[in-house]
Amino acid sequence: MNKPLSVLNNHPHIWRAREQKQNETKFSLGFPRLDKALNGGVASTGLVRIASLTGVGELSLFKDVICQHRTHKLVVFINPPGRLQSPWLENLGLKTQQVLVVKTHTQQESLWAAEQCLKSTACHCVVLWSNTISQKEARRLQVAATHNDALCLLYTPVHRPLSSSSNQQNRPLSSAQASSDDALPITLDLYLQGTPHALSVNIRKQRHGWPKDNIVISHKWTPDNNAIKWAMTHNTLSDQALHSVS
């Protein structure tokens with residue numbers, strides 16, 4: 001009996017909670033409390049799912065990750081919910097030559113496009129908006145990203161349990177409530193809830209780490225006049241359209 005247990009204990013695919021992988025490259029999000037909960041930040045490869053309402057700061061939260069500079073690497077946005085503005089991307093640190101916007105007609109086409117971009121080795125980051133994803137589809141994106149040194153950010157809508165109580169409706173979705181799709185083979189699974197001056201982050205699942213709920217970070221997602229004036233003063237971008245395919 002001891003021999004089979006020893007073989008199982010030494011299997012490389014078994015992870016123990018006391019063990020932390022030290023040689024995994026991480027991208028910092030720029031928020032110390034959140035980076036600490038993520039053991040240093042977001043992994044540089046793999047599939048990250050972000051469940052969020054649109055416009056709460058879900059894209060700005062990952063701006064430092066998206067703008068990680070890799071020579072001759074593209075950032076691809078697939079089916080964004082709104083029109084991406086070149087000045088905003090420039091102010092983030094992205095050159096328009098690095099950005100490709102892809103519009104598809106169906107969800108299957110968008111998943112196929114994301115997988116092909118990841119496999120191309122030409123992309124540093126693929127940002128995909130999709131209503132849902134199956135285990136098989138998630139596995140394909142996860143493998144394509146990890147095998148080609150790329151990161152895929154998947155934005156999905158928030159799915160809440162029905163409740164007649166307004167308090168229940170305003171309460172953040174916990175890790176336990178999200179257990180129905182914990183089995184997805186992905187690197188990181190997050191749920192975001194926005195307020196006027198903060199963003200609550202729930203870590204549903206993370207590779208080599210524990211889930212954690214209600215990490216509140218200061219986030220002013222509505223720009224005021226000072227921010228708008230600064231953008232207008234410092235924007236030196238000429239009228240240049242983004243590269244787009246459909």
Original post:
Hey, are the side chains of Val127 and Pro80 touching, using non-hydrogen atoms and a 4.5 Å cut-off?
Top reply: no
Subject >> Under 3.5 Å donor-acceptor, Gln68 side chain and Cys125 backbone >> reply: no
Original post:
Partners of Asn79 by side-chain hydrogen bond (donor to acceptor under 3.5 Å, both in side chains), sequence neighbours excluded?
Top reply: Thr104
Subject >> Backbone of Pro81 reached by a side-chain donor or acceptor of Tyr155 within 3.5 Å >> reply: no
Original post:
Got Leu151 and Thr45 here, is their nearest side-chain heavy-atom distance under 4.5 Å?
Top reply: no
**OP:** Decide yes or no for Gln193 and Val56: does some side-chain heavy atom of the first lie under 4.5 Å from some side-chain heavy atom of the second?
**Re:** no
Original post:
Residues in side-chain hydrogen bond (donor to acceptor under 3.5 Å, both in side chains) with Gln135, at least two apart?
Top reply: none
Donor-acceptor contacts under 3.5 Å from residues 139-147 side chains, at least two apart:
from: Arg140; atom 1: NE; to: Glu115; atom 2: OE1; distance (Å): 3.1
from: Arg140; atom 1: NE; to: Glu115; atom 2: OE2; distance (Å): 3.3
from: Arg140; atom 1: NH2; to: Glu115; atom 2: OE1; distance (Å): 3.4
from: Arg140; atom 1: NH2; to: Glu115; atom 2: OE2; distance (Å): 2.9
from: Gln142; atom 1: OE1; to: Leu47; atom 2: N; distance (Å): 2.8
from: Gln142; atom 1: OE1; to: Thr187; atom 2: OG1; distance (Å): 3.3
from: Gln142; atom 1: NE2; to: Thr187; atom 2: OG1; distance (Å): 3.0
from: Thr146; atom 1: OG1; to: Gln142; atom 2: O; distance (Å): 2.9
from: Thr146; atom 1: OG1; to: Val143; atom 2: O; distance (Å): 3.3

**OP:** Only counting residues at least two apart or in another chain, list the ones meeting side-chain hydrogen bond (donor to acceptor under 3.5 Å, both in side chains) with Thr54.
**Re:** none
Original post:
Does the side chain of Arg49 come within less than 4.5 Å of Leu184's, by heavy atoms?
Top reply: yes
**OP:** Please name all residues satisfying side-chain contact (heavy atoms from CB on, under 4.5 Å) with Ser28, sequence neighbours left out, ordered by chain then number.
**Re:** Asp35
Original post:
Quick one: does Phe77's side chain get under 4.5 Å of Val99's, heavy atoms only?
Top reply: yes
Subject >> By ring pair (Phe, Tyr, Trp, His ring centres under 6.0 Å) - contacts of Phe31 (at least two apart) >> reply: none
Original post:
salt bridge (charged side-chain N to carboxylate O under 4.0 Å, His left out) with Asp149: which residues, sequence neighbours excluded?
Top reply: Arg70
**OP:** Using a 4.5 Å cut-off on heavy atoms from C-beta on, say whether the side chain of Val75 contacts that of Leu89.
**Re:** no
**OP:** List in chain and number order the residues that pass side-chain hydrogen bond (donor to acceptor under 3.5 Å, both in side chains) with Asn148, two or more places apart in sequence or in another chain; answer none if no residue qualifies.
**Re:** none
Subject >> Partner residues of Cys117 under the side-chain contact (heavy atoms from CB on, under 4.5 Å) criterion, sequence neighbours left out >> reply: Val76, Cys123, Val126
**OP:** Could you tell me whether a side-chain N or O of His124 sits under 3.5 Å from a main-chain N or O of Ile66, the two making a donor and an acceptor?
**Re:** yes
**OP:** Could I get the full list of salt bridge (charged side-chain N to carboxylate O under 4.0 Å, His left out) partners for Lys26, not counting sequence neighbours?
**Re:** none
Original post:
Sub-3.5 Å donor-acceptor pair from the side chain of Gln98 to the main-chain atoms of Leu94, do we have one?
Top reply: no
